[in-house]
Asks: 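Supplied in structure tokens, the structure appears directly below.
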Amino acid sequence: MPTVLAFETSCDDTGVAVVRDRSVLSNRVANQDVHAQYGGVVPELASRAHAAHLVPTVEAALRDAGVEPHELDAVAYTQGPGLLGSLLVGSSFAKAWAWARGLPTVPVHHMHAHVLAHFLEPGPAPNLPFLCLTVSGGHTQLVLVHSADRLEVIGSTRDDAAGEAFDKVAKLLGLPYPGGPLVDRYASQGDASAFAFTRPRIEGLDMSFSGLKTQILHFLQRELQHDPDFVRLRLHDICASVQEAIIGILMEKLESAVASTGIRDVAIAGGVSANSGLRSALEARKAQLGWTVHVPPFAYCTDNAAMIGMAGVLRWEAGIRGTLASAADPRLPF
Ligand code: KG4
Ligand code: ZN
């Protein structure tokens with residue numbers, strides 16, 4: 001039963017967790033509020049905030065867990081992908097912290113960790129192989145998980161990520177960054193059939209969201225010419241219709257992946273897996289098509305260090321170790 005201290009600093013949240021086997025002993029996130037006023041993450045400010053947050057956050061995570069450094073087996077950290085400065089601060093800190101205590105390190109791929117978070121308690125671990133739709137602010141991928149250390153991308157977005165599509169449309173609607181959760185909230189009070197948007201025609205399991213964004217931009221420009229109050233008056237219906245369109249693209253490809261692989265164990269992961277429309281669409285397939293579905297608890301949807309800890313435990317058990325030379329890589333290949 002390895003006990004792993006884990007660091008997640010790929011973007012703008014500083015996460016530190018302690019994971020023992022499949023259970024989370026502590027899971028701390030220091031959010032960075034500084035970016036909201038700029039309408040997006042400012043990389044240099046993110047790096048500086050990580051540097052300021054790491055020491056108090058690691059102390060808090062160990063205190064919450066009631067674990068002393070000598071009880072740890074390894075230190076896991078996000079090696080990439082992500083913002084270079086953020087990854088450099090977090091990985092340098094994690095490697096130095098481990099080296100000073102004579103502990104081995106386990107570098108982790110951020111997107112593998114989103115998928116492997118499904119092995120965390122309290123949920124039942126998924127059966128292998130399973131399919132995972134990984135939808136975040138930077139990635140949208142259909143992953144075939146053969147085992148904890150063999151993950152294969154069988155489809156991905158050709159342009160924007162699903163989270164990016166939510167955030168960009170939210171920005172067009174004048175909502176603050178990140179707009180995805182707000183679109184979700186307003187959508188629950190709107191009519192999803194109020195406005196219809198056409199779906200892109202992409203062969204195979206790949207996806208595209210940039211056309212939808214342009215379509216919505218033109219739609220809003222047209223409607224605002226007739227009525228300058230259109231967005232304010234119809235915000236809930238617009239959000240519900242946009243959410244329906246994005247979820248429609250995702251579910252169509254997920255259904256194709258199930259059909260082409262014959263695998264009916266299906267999971268969702270990443271920030272957009274918190275979306276209520278996506279969650280209910282998946283639950284509906286469970287009832288209609290007999291899928292076994294795995295939906296992560298909200299705490300493990302958006303970026304967190306517990307998922308890095310889970311991936312760290314699984315990779316540590318597989319014998320994977322990093323060195324001081326294992327470099328942060330903003331484009332770490334999957
Ligand atoms: O995985 P994540 O926390 O960070 C990345 O690695 O990108 O994902 C963040 C993304 C953002 O685009 C955010 O708007 C989106 O996830 N998101 C949502 C919801 N919660 C977070 N999008 C739609 N509905 C939500 N409830
Ligand atoms: Zn993420």
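Excluded from the calculations below are hydrogen atoms, water molecules and symmetry mates; all remaining heavy atoms, backbone and side chain alike, are included. First listed ligand is number 1; within each ligand, the first listed atom is number 1. What you see is a predicted model; the values in this text were computed from it and never measured.
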Asks: If you measure every N or O of Gly270 against every N or O of ligand 1, does any of those distances drop under 3.5 Å?
Replies: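 Min N/O separation from ligand 1 is not below 3.5 Å for Gly270.
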Asks: Do Trp97 and Val313 belong to the same hydrophobic cluster, where Ile, Leu, Val, Met, Phe, Trp and Tyr are linked whenever their side-chain heavy atoms lie under 4.5 Å apart, directly or via other members?
Replies: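 Hydrophobic grouping puts Trp97 apart from Val313.
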Asks: Just go through Gly277, Ala113, Gly138, Gly271 and tell me whose heavy atom is the nearest to atom 8 (O) of ligand 1.
Replies: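 Residue with the shortest heavy-atom distance to the ligand atom: Gly271.
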Asks: May I ask you to list the protein N, O or S atoms found at less than 2.8 Å from the Zn ion (ligand 2)?
Replies: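 Less than 2.8 Å away from the Zn ion (ligand 2) sit His110 NE2, His114 NE2, Asp303 OD1.
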Asks: Nearest 0.5 Å, please: how far is CG in Leu224 from CZ in Arg232?
Replies: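 Arg232 CZ to Leu224 CG: 12.0 Å, rounded to 0.5 Å.
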Asks: Going by atom types only, do Asp149 and Ser147 share a side-chain donor-acceptor pair under 3.5 Å?
Replies: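 Looking only at side-chain atoms, Ser147 and Asp149 do form a donor-acceptor pair, the distance falling under 3.5 Å.
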Asks: For atom 7 (O) of ligand 1, what's the nearest protein heavy atom and its distance?
Replies: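 Closest protein heavy atom to atom 7 (O) of ligand 1: Gly137 N, 2.7 Å.
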Asks: Please determine whether residues Met111 and Leu314 belong to a single hydrophobic cluster, defined as Ile, Leu, Val, Met, Phe, Trp and Tyr linked transitively by side-chain heavy-atom distances below 4.5 Å.
Replies: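 Yes: a chain of side-chain contacts under 4.5 Å links Met111 to Leu314.
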Asks: Record the part of Asn275 in heavy-atom contact with ligand 1 below 4.0 Å; permitted values are side chain, backbone, both and neither.
Replies: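 Answer for Asn275: both.
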Asks: Classify the contact between His114 and ligand 1 as side chain, backbone, both or neither, using a heavy-atom distance cut-off of under 4.0 Å.
Replies: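 Under 4.0 Å from ligand 1, His114 contributes side-chain atoms alone.
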Asks: What about Pro178: any of its N or O atoms under 3.5 Å from an N or O on ligand 1?
Replies: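 No, no N or O pair falls under 3.5 Å.
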Asks: Could you report the tightest heavy-atom contact between Thr78 and Leu87, atom names first, then the distance?
Replies: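 Minimum heavy-atom contact is O-CD2, 3.7 Å.
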Asks: Looking only at distances, please establish whether an N/O atom of ligand 1 is found under 3.5 Å from an N/O atom of Phe166.
Replies: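 Between Phe166 and ligand 1 (N or O atoms, distance only) the closest approach is not under 3.5 Å.
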Asks: Can you list, pair by pair, the side-chain donor-acceptor contacts under 3.5 Å of residues 46-57, counting residues two or more places apart and other chains?
Replies:
from: Ser47; atom 1: OG; to: Pro43; atom 2: O; distance (Å): 3.1
from: Arg48; atom 1: NE; to: Glu44; atom 2: OE2; distance (Å): 2.9
from: Arg48; atom 1: NH2; to: Glu44; atom 2: OE2; distance (Å): 3.3
from: His50; atom 1: ND1; to: Thr14; atom 2: OG1; distance (Å): 2.9
from: His50; atom 1: NE2; to: Cys11; atom 2: O; distance (Å): 2.8
from: His53; atom 1: ND1; to: Thr14; atom 2: OG1; distance (Å): 3.4
from: His53; atom 1: ND1; to: Ala49; atom 2: O; distance (Å): 3.4
from: Thr57; atom 1: OG1; to: His53; atom 2: O; distance (Å): 2.5

Asks: Is there a heavy atom in His110 that sits closer than 4.0 Å to ligand 1?
Replies: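 True for this residue.
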Asks: Side chains of His236 and Asp191 only: does a donor on one sit below 3.5 Å from an acceptor on the other?
Replies: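 Checked: His236/Asp191 side chains show no N/O donor-acceptor pair below 3.5 Å.
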Asks: So which atom in Met307 and which in Ala117 form the shortest heavy-atom distance, rounded to 0.1 Å?
Replies: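 Taking every non-hydrogen atom into account, CB-CB, 3.7 Å.
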Asks: For ligand 1, is there an atom lying under 4.0 Å from some heavy atom of Pro181?
Replies: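 In this structure, Pro181 qualifies as a contact of ligand 1 - some heavy atom is under 4.0 Å.
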Asks: May I ask you to check if ligand 1 and Asp184 share an N or O to N or O distance below 3.5 Å?
Replies: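 Yes, since at least one N or O of Asp184 sits under 3.5 Å from an N or O of ligand 1.
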Asks: Tell me which part of Asp167 gets within contact of ligand 1: side chain, backbone, both or neither, using heavy atoms under 4.0 Å.
Replies: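 Only the side chain of Asp167 comes within reach of ligand 1.
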Asks: Can you tell me if Asp64 and Ser26 form a side-chain donor-acceptor pair at under 3.5 Å?
Replies: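 There is no such pair between these side chains.
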Asks: Where is the tightest heavy-atom contact between Ser208 and Pro200, given as atom of each residue plus distance?
Replies: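 Where Ser208 meets Pro200 most closely, the heavy atoms are O-CG, 3.5 Å.
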Asks: Is the Lys NZ or Arg CZ of Arg158 less than 6.0 Å from the centre of Phe209's six-membered ring, within 45° of the axis?
Replies: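 That pair does not qualify as a cation-pi contact.
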